[in-house]
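Here is how names work: the chains are called A, B, and so on, in the same order as the sequence lines, proteins then strands, and each is numbered from 1.
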Amino acid sequence: MNLLFENKLNATLAEIFKTLDLDIKFATVKVSDRPDLSDFQCNGALALAKIAHQNPRDIAAKIAGKLAQDEAIETVSVDGPGFINIKLKDEFIAANMDKMAQDKRLGCGEVEDPHQVVLDFGGPNVAKEMHVGHLRSGVIGESIQRIERFVGNNVISDVHLGDWGTPMGMILAEIIKSDGNLDKVTSYDIAQITEFYKQANIRCKEDETARENARKITAALQGGDATYRRAWQHLRSESLKAIKANYEQLDVNFDLWLGESDAHEICREVVKIARDKGISEIDNGAEIIRLEETNKPKPPIIMIKSDGGFGYQLTDIATIKMRVDQFKATEIVYFTDSRQTLHFEQVFEAADKLGIAPNVKLQHIVFGTVNGADGKPFKTRDGGVMNLETLIEMSKDRVRQSLPKADEVAGYGAAEIDKLTQQIAVAAIKFQDLKNTIASGYVFELEDFAKFEGKTGPYIQYAVARINSVLRKAEANGLHEGKVILVAPEERILALKLAQIHNVIMRAHSEKEPSIIADYTYTLAQIFSTFYNACSIMNAENPDLASSRLRLAKLVRDVLILMLNLLGIEAPEVMLKAENIGE
RNA sequence: GCGCUCCUAGCUCAGCAGGAUAGAGCAACAGCCUUCUAAGCUGUGGGUCGGGCGUUCGAAUCGCCCGGAGCGCGCCA
């Protein structure tokens, strides 16, 4: 099923271009920039005229003449230098709404070549508190994961825990320094572990011998030292519990909770492949792979550090091999901030040289850092990072103020209010992040994550709740949805917007860009609000119109819920309000 | 030094495979609750699209130069 107007018009145009012997490359329409003049526009005549050195208006007129015969089209006109403006018939738009209402997927198609995609996002580290920097990776990754599944791809998501680098040696060293040995390690909880890590971090920053010691312990841990392994195992599992709790709060989900350590054995294999292929060499005591230096200097991959430990690039390369061999990945996508661009360039190039991922698409999606008001990566006033739990709690507190207390509303006890609080707070936080294009960073404002007016998640939830309310009333009054008829301009604009859903999702999919969905979802909710304000559903002029509007409203509701779901946001059935809210 | 990214309204951001009057949100101002949830709706003001040159019938969008900011550049991950 394809209910998209653009596709229909593109197909019609392609036929016309063929009969006119024009390059069908230009046979495309887009949503009009001038809604006062048209629904869609085709700028192809301008480009064609340039190539053929002809008058664009003449070419446009020929195309328009044929286009006008199409049964779905109300009017075609040639305006300005040669824009073709197309207006669709109301009945055609209305009929498409009826079809859309009958379709389980609301008119959305799937990809033609479903494949196996591994998504690598999150990347939290053992013993380190999660902070707002982890928010973006998790929230974006979760959304992409849902989008990819929806369009038909088979997705495997992996958190790729940072559990195998020097920080592990640092924290073990710190505990030994404090306790004399590692006997008490298994009694430590996450708070204590985090504290040790902080101390270790401070110490290693200023003390070279401490760093040296940490590296030695890391190498021994990786080498298989049983005592270190046992202690590390505990640190890892305690951290993982805390990390899982954080992600659960945000409804960020992973199929695999693997880490760098899981690729350890494969690291050895990769080293062997490199040696067999003769692409590795020893340099300053480290075993490296040199990379091509085309237009800029590119540092080599350091597989084995001079202290014997595996470098993290080797770990990432081995992980690629694991994902290809064990999970049959044909596409691997990484989500990290822009600081790791060079790293992934190196890793992908090395993977290519090693021949471990033939015909696998390796993609690094870069997102901007979360910045403070100074334009630099965000730090709190005391120089630390904003803890993720603090952020979530702050947002929830703000939401609680706007909700009634438990049992003030029938059917809403403590559990229900808690759930609602969670849903709204998470919507506020996630949407605040996802509305930004991922490539650009954004300035972190704590208050933004607790806003629910304007372009926010709760605004959209509110639109859904209002529709739910109308649908309940209609149900109670025995009113049913029916054939769509377009009378008011607000209805027509709404229907045209609804019809864009397939294109929006496909663009978000191919560009790996959730903000496209966020933007559409907000605009749709906004257009609905205008419609809601201008056109009464329950008190429509006649029963047929009421049925039509009911169908449109229900479609909007279903589309909004689907889109929010693709963003990883839930839509509560109702949005309750505390008495004192709204003055 | 080399490389990458960025500079659009007071603030935060869209728009950028060139196209018709550059858009949102917030903030400001003026209206709208006896009718479907006012977390809403309607309207007003506000921009030399960092600066310059160039390509083009046409540039926020493409190219070059300059200015400003951020990030990265072999044993942290």
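When the P atom is used for both A22(B) and G40(B), the distance is 28 Å, rounded to whole Å. Comparing C53(B) with C26(B), their C1' atoms are spaced 37 Å from each other, to the whole Å. For the P atoms, the distance linking C75(B) with A17(B) amounts to 39 Å, nearest Å. Only the C1' atoms considered, C29(B) is 16 Å distant from A9(B), to the nearest whole Å. Rounded to the nearest Å, the gap between the C1' atom of G19(B) and that of U55(B) is 16 Å. Here the separation of G10(B) from C57(B), taken at their C1' atoms, is 37 Å to the nearest Å. If you take atom P in G54(B) and the same atom in G68(B), they sit 24 Å apart, rounded to whole Å.
Pairing for C33(B) is absent, with no Watson-Crick or G-U wobble pair whose two atom distances lie under 3.5 Å. Here A17(B) sits opposite no nucleotide as a Watson-Crick or G-U wobble pair (both hydrogen-bonding atom distances under 3.5 Å). Across all strands shown, A9(B) forms no Watson-Crick or G-U wobble pair with both distances under 3.5 Å. Using the Watson-Crick or G-U wobble rule with both distances under 3.5 Å, G1(B) pairs with C73(B). Nucleotide U55(B) forms no Watson-Crick or G-U wobble pair with any nucleotide shown, as no partner meets the under 3.5 Å limit on both distances.
The residue among Met538(A) and Ala439(A) whose nearest nucleotide of RNA chain B lies closer to the 5′ end is Ala439(A). Each of Pro81(A) and Cys535(A) was assigned the nucleotide of RNA chain B with the nearest heavy atom; the assignment lying further toward the 5' end belongs to Pro81(A).
Taking atom CD1 on Ile438(A) and atom P on U5(B), their separation rounds to 16 Å, with Å as the unit. Here U12(B) presents its P atom at 21 Å from CG of Leu434(A), a figure rounded to the nearest Å. In this structure, CD of Glu490(A) is placed 19 Å from P of G40(B), rounded to the nearest angstrom. Between the C1' atom of C16(B) and the CD atom of Glu513(A) lies a distance of 14 Å, rounded to the nearest Å. Taking atom CD on Gln526(A) and atom C1' on A24(B), their separation rounds to 7 Å, with Å as the unit. Regarding Ile365(A), its CD1 atom lies at a distance of 15 Å from the P atom of U5(B), rounded to whole Å. Note: CG (Leu550(A)) to C1' (C36(B)) measures 11 Å, nearest angstrom. Atoms NZ (Lys455(A)) and P (C26(B)) sit 11 Å apart, rounded to a whole Å.
Of the charged side-chain nitrogens involved, at least one lies within less than 4.0 Å of a carboxylate oxygen, so that Glu174(A) and Arg203(A) count as a salt-bridged pair. Salt-bridge formation is detected for the pair Glu212(A)/Arg215(A): a Lys NZ or Arg NE/NH1/NH2 atom is positioned less than 4.0 Å from an Asp or Glu carboxylate oxygen. Look at Asp262(A) and Arg236(A) and you find a salt bridge, because one of the NZ, NE, NH1 or NH2 atoms lies within 4.0 Å of a carboxylate O, short of that distance.
Residue Ser440(A) places at least one side-chain N or O closer than 4.0 Å to OP1 or OP2 of A14(B). Taking 4.0 angstrom as the limit, Tyr459(A) places none of its side-chain polar atoms (N or O) nearer than this to OP1 or OP2 of A24(B).
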Does Arg211(A) form a salt bridge (charged side-chain N to carboxylate O under 4.0 Å, His left out) with Glu208(A)? I'd like the steps, not just the answer.
CA-CA 5 Å; Arg211(A) 282 200 292 274; Glu208(A) 170 56 34; 2.7 Å; yes

Verify side-chain hydrogen bond (donor to acceptor under 3.5 Å, both in side chains) between His264(A) and Arg268(A), making sure each step is shown before the conclusion.
CA-CA 7 Å; His264(A) 185 71; Arg268(A) 295 185 207 286; 3.3 Å; yes

Carefully, step by step, assess Lys298(A) and Glu349(A) under the rule salt bridge (charged side-chain N to carboxylate O under 4.0 Å, His left out).
CA-CA 11 Å; Lys298(A) 194 182 286 173; Glu349(A) 190 178 327; 2.5 Å; yes

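Under the 4.5 Å side-chain criterion, counting only non-hydrogen atoms from C-beta, Pro124(A) is in contact with Leu161(A).
Among the atoms of the strands shown, only primed sugar atoms or phosphate atoms (P, OP1, OP2) are found under 4.0 Å from some heavy atom of Gly454(A). Residue-level contact check: Tyr522(A) touches the backbone only, with heavy atoms under 4.0 Å from sugar-phosphate atoms and none from bases. Among the protein residues, Val366(A) comes within range of no part of the nucleic acid, since none of its heavy atoms lies under 4.0 Å from any strand. When heavy atoms are screened at a 4.0 angstrom cut-off, Asn85(A) is found touching base atoms of the nucleic acid. No contact: Ile467(A) has no heavy atom under 4.0 Å from any strand. Using a 4.0 Å heavy-atom cutoff across all strands shown, Asp36(A) reaches at least one base atom of the nucleic acid. Nucleic acid contact class of Thr341(A) (heavy atoms, under 4.0 Å, all strands): none. Residue Lys435(A) is out of contact with every strand shown, counting any heavy-atom pair closer than 4.0 Å.
For Asn539(A), taking side-chain heavy atoms from C-beta onward, the closest of the listed nucleotides U56(B), A38(B), U35(B) is U35(B). Nearest nucleotide to the Val470(A) side chain, out of C41(B), A20(B), C36(B): C36(B).
Using cut-offs of 30° and 60° for the angle between ring planes, the Tyr334(A) and Phe344(A) rings count as tilted.
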For every nucleotide of nucleotides 69-77 of chain B, 5' to 3': is a protein heavy atom under 4.0 Å from its base (B), only from its sugar-phosphate (S), or from neither (-)?
-SSSSBBSB

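No side-chain donor-acceptor contact under 3.5 Å links Asp448(A) and Tyr442(A).
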